[in-house]
Amino acid sequence: MAGNNSNASVNLEKEQIFGMAEKEMEYRVDLFNRLTQTCFEKCIEKRYKEPELNMGENSCIDRCVSKYWQVTNLIGQLLGSNRPPM
């Protein structure tokens, strides 16, 4: 009987780990989609003039992505430390 309890707890633990990994993947996909949408709207002109990104669009996207990651990391650190924002 103890073997059944052990197997059940191992299966439950595996399900919890899988569930956490699934949530992490959903979070990362959502983060990527929001980052893409935000930087696209900010940096790319509504009417495409060229098939390739020009230098201004390229540098805007670089800055936008960098700032987005910095803010995301800062928010994660603040939430992880349970400290109020500065």
Checklist entry - Are Glu22 and Phe18 side-chain neighbours, meaning at least one heavy-atom pair lies under 4.5 Å? => result yes

Next on the checklist: Can you confirm whether Trp69 sits close enough to Leu31 that some side-chain heavy atom of one is under 4.5 Å from a side-chain heavy atom of the other?
Outcome noted: yes

Next on the checklist: Do Leu79 and Val71 sit in one hydrophobic cluster, given that two such residues count as connected whenever their side-chain heavy atoms are within less than 4.5 Å of each other, even indirectly?
Outcome noted: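 Looking at the clustering, Val71 is in the same group as Leu79.
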
Item to check | Same apolar cluster: Val65 and Tyr27, side chain cutoff 4.5 Å | outcome: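 Yes; Tyr27 is reachable from Val65 via cluster members.
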
Next on the checklist: Using a 6.0 Å cut-off, check whether atom CD of Glu24 has over 12 heavy atoms from anything other than its own residue.
Outcome noted: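 Yes, the 6.0 Å shell around CD holds more than 12 heavy atoms from other groups.
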
Given 3.5 Å as the limit, does a donor-acceptor pair link the side chain of [X] with the main chain of [Y], or not?
| X | Y | answer |
| --- | --- | --- |
| Thr36 | Phe32 | yes |
| Asp30 | Glu26 | no |
| Gln37 | Arg34 | no |

Checklist entry - Do the cysteine sulfurs of Cys60 and Cys39 sit under 2.5 angstrom from one another? => result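 In this structure, Cys60 and Cys39 share no disulfide.
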
Checklist entry - How long is the span from the CD atom in Glu52 to the CG atom in Asn58, to the nearest 0.5 Å? => result 9.5 Å

Item to check | Closest non-hydrogen atom pair between Glu57 and Glu45, with its separation | outcome: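 Closest approach of Glu57 to Glu45, heavy atoms only: OE2-N, 3.8 Å.
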
